[in-house]
Amino acid sequence: MQEAYLNGLNEKQLEAVLHIKGPLMIIAGAGSGKTKVLTTRVAHLMHSGVDSFNILALTFTNKAAAEMKERVEKALGNTDARNLYIGTFHSVFARILRAEADKLGYPKSFTIYDTDDSRSVIKAVVNDMGLDDKLYKPNIVHNRISSAKNALVGPTEYAMDTFLKQEDARSNRPAIAEIYASYAARCFKNGAMDFDDLLFKMHELLQNFPEVLHKYQHKFKYILIDEYQDTNPVQYQIAKLLAAVHENLCVVGDDAQSIYSFRGATIENILQFQKDYDDVKLVKLEQNYRSSQSIIGVANYVIKNNVGQIPKELWTENETGDKIKLVRTMTDNDEGKFVADAIQENKLRNHFYNKDFAILYRTNAQSRSFEESLRRTGIAYKIYGGLSFYQRKEVKDYIAYLRIIVNTKDEEGLKRIINYPARGIGKTTMEKCLVIAGEQNITFFEVLEKAKVFGFKAGTLTAIEEFVTMIKYFQNQLTKHNAYDVAVQVGKHTNLVKELFNDKSTEGLARYENIQELLNSIKEWTESPSNDDGELGDKSLGSYLQQITLITDADNDNENEDTVKLMTVHAAKGLEFACVFLVGLEESLFPSGMSVNTREELEEERRLFYVAVTRAKKHLWLTYANTRYRYGQLVQNDPSRFIDEMPEEQIDKSSSGGGAKNQSSGWGSAYDRMQGGSNKSWIDPEKNTRTKTEGSKPSYLPVVAPHTLNKNHIPSANFTPCDPSALEAGVKIEHQKFGFGVIKEIEGSAHNPIAIILFDKNGEKKIMLNYAKLSIVP
DNA sequence: CGACGGACCTTTTTT
DNA sequence: AGGTCCGTCG
């Protein structure tokens, strides 16, 4: 006799669900019902007598957590699921750290710094240390520190690590260790943790406080980790510590979908898992329930190019479905038009809704042309990623007030609002305060509190005192009123709301609305009976602030909203759509130009491609453009190598690119390329309009495999890229890919010279000298 | 002290 | 292209 919730599971899925005791690793291919297995397993645990308070499930997005909770509830038919500890690594650990903050010397309501805050602190540190901020760019330094934390390397270990030291010396940034130490000290002084600290400090907590470790080890008797392939060493170590007593650790992942190595994730964790525990139960889920056979076929075929992976093959009983459609357009704008038109057409013909479509790209910057074309076509869309609501300036400023009320040590927050709205505490005063704070080793706010002692001008002093009084007034309110009421008070007393209200420009209106939305969200949170803090029931402003920093755009997804979804491939992980447009499939874009230098990097790009392809249920379009604007400059890229890697017979190349009816897809040039003749035409707009198809017949032209023409050239041993300024007409050159040729002419502007080169084997090409590497042939 | 305008730099991907 | 930072002007 089986329980009802077990119905509908296949043999493998059932095996995974029924395994209760001991370590379990589930390798779950894309669309293999992973979430179903996870949620059913949780339901089964509870049904088997496990107390819901003893289950911890860690996911990577709040959305995944919410979905899991909801589905467990459904499977159980009661509300016990409310007691489950389900959340992202970051939010669960933030909650625990909040409860245990005093042990680490942090205030309970420590501030969580987002990436912008972190960078801003780093910038200040670099400046204070008198280092060159051109060399020590905030995001480079931040990445470095972030990687260290994710690898469990603290400032002290960093300074002692010879390998890291060598790396920094090689990149001419020997002071990173020092910056790291200073940054960490500054964050601590500010009573703040950055994203990585939420993991790093959590580990520290468990490592250094045996009684705390003991407490959580016994609380979390059953632990599940989703998207296991994307965990990094800290996350792994924390999980290992927590699971050490009961060893009921269940991890679910797919090595083929590991796409977060830049965040320190390592596939090693999958291999290590089997080494760390004696009898690991391993279950592979290989049947895909999501996609058509065509889609699965292509995904499998491409991923085979990766050397390192756990052997498995995804299969499906779904119908064969349409072939994958490959479309080439002239420009990025044409790409946008094509996609908008195709969506329009498919909505009519196949009765799809907007929400059945997703446009996936490699980088956020690519969204622009699609936004434009969708808007023009009148198709509702929503962009995910980019600036999150809480990162908008006006929202962040407002929140900065709330941050200061809760944690006056937060220097970053204080800097934002000390003179916003303007109250006569300018840059000079602020810098003076910061210097004093440094000298006296007190916080910025303490300097303000004791301003009298430090000899400010009378006017300035009054302004400071009024500011301090105001903040203290708010703090006082905090004990009497809820988070929402305090937030409203802040808006009133600071004139923030009024100021925005008076700004009647379009942007001003939007800002005002954003603040209203913020206030609404605080209200909603304050009044909701149960929230993410579940058992703690903590409705304080401090608790609110800690969770909003961890909310991302994707979490605000509204299932009922009928909009086309635009997002990066990374953001699309875990999602599925009936129709997917995977766009911008060009070399240096996808795969990213930054990730083609090592086999490992390239394989990750390929996994990313795999993730993108497997999001599609029924229809998949792959598009690329001949030319596009990047950093305001027109560039031309070869089609992505991933296109070459696909099985030709499964690809439908007949779709017309171009977008608008009177647009050419530029196939005339494809003909040229097949002839091995001139290539100049394919970026020549004049020629394009002439080579367009006659009448209403769709342009039906084959796509040329991009590398067949030029992949054979092997650069000479003495190939040394030369300075572009040394080039002029008549010079013989060698190109890394196109081989030998002669410069016919140099055109373009001085800062963006373009050489027209006649290649021996590849015809005439326009080469942008800022990008291409050419070697002069003597 | 703040508003404007011109250099300058950017870009992978995210909690 | 679009945002940020710094210099100049009122």
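What you see is a predicted model; the values in this text were computed from it and never measured. Labels below follow one simple rule: chain letters A, B, ... track the order of the sequence lines, proteins then strands, and each chain is numbered from 1.
- OP1 or OP2 of B:dT11 lies within a sub-4.0 Å distance of a side-chain N or O belonging to A:Asn139.
- Taking the nucleotide of DNA chain C with the nearest heavy atom to each of A:Lys427 and A:Tyr629, the more 5' of the two is matched to A:Tyr629.
- Contact annotation: A:Lys63 side-chain N/O to B:dT14 OP1/OP2 distance is not under 4.0 Å.
- DNA chain B is contacted by no residue of residues 457-464 of chain A, taking any non-hydrogen atom closer than 4.0 Å.
- Taking only side-chain nitrogens and oxygens, A:Asn150 never comes nearer than 4.0 Å to OP1 or OP2 of B:dT15.
- Contact check, A:Thr428 against B:dC1: a side-chain N or O comes under 4.0 Å of OP1 or OP2.
- Looking at heavy-atom distances under 4.0 Å, A:Lys123 makes contact with sugar-phosphate atoms alone, never a base.
- Annotation for A:Tyr629: atom OH does not count as buried by contact number, only 12 or fewer foreign heavy atoms lying within 6.0 Å.
- Residue side chain A:Tyr631 fails the stacking definition with respect to B:dT11, as its ring centre and the base's six-membered ring centre are not both under 5.5 angstrom apart and under 30 degrees in plane angle.
- Closest to the side chain of A:Phe195, out of B:dT15, C:dC5, B:dT11, is B:dT15.
- Here A:Phe60 lies in heavy-atom contact (under 4.0 Å) with sugar-phosphate atoms only.
- At B:dT14, one or more side-chain N or O atoms of A:Thr568 fall inside 4.0 Å of OP1 or OP2 (strictly under the cut-off).
- For the OP1/OP2 pair of B:dC9 and a distance below 4.0 Å, the side-chain nitrogens and oxygens of A:Lys134 include no atom meeting the criterion.
- In the set B:dT12, B:dT14, B:dT15, B:dT12 carries the atom at the smallest distance from any side-chain atom of A:Glu605.
- Close to B:dG2, at under 4.0 Å from its OP1 or OP2, lies a side-chain N or O of A:Asn419.
- Using a 4.0 Å cut-off, some side-chain N or O of A:Asn364 falls inside it from OP1 or OP2 of B:dT13.
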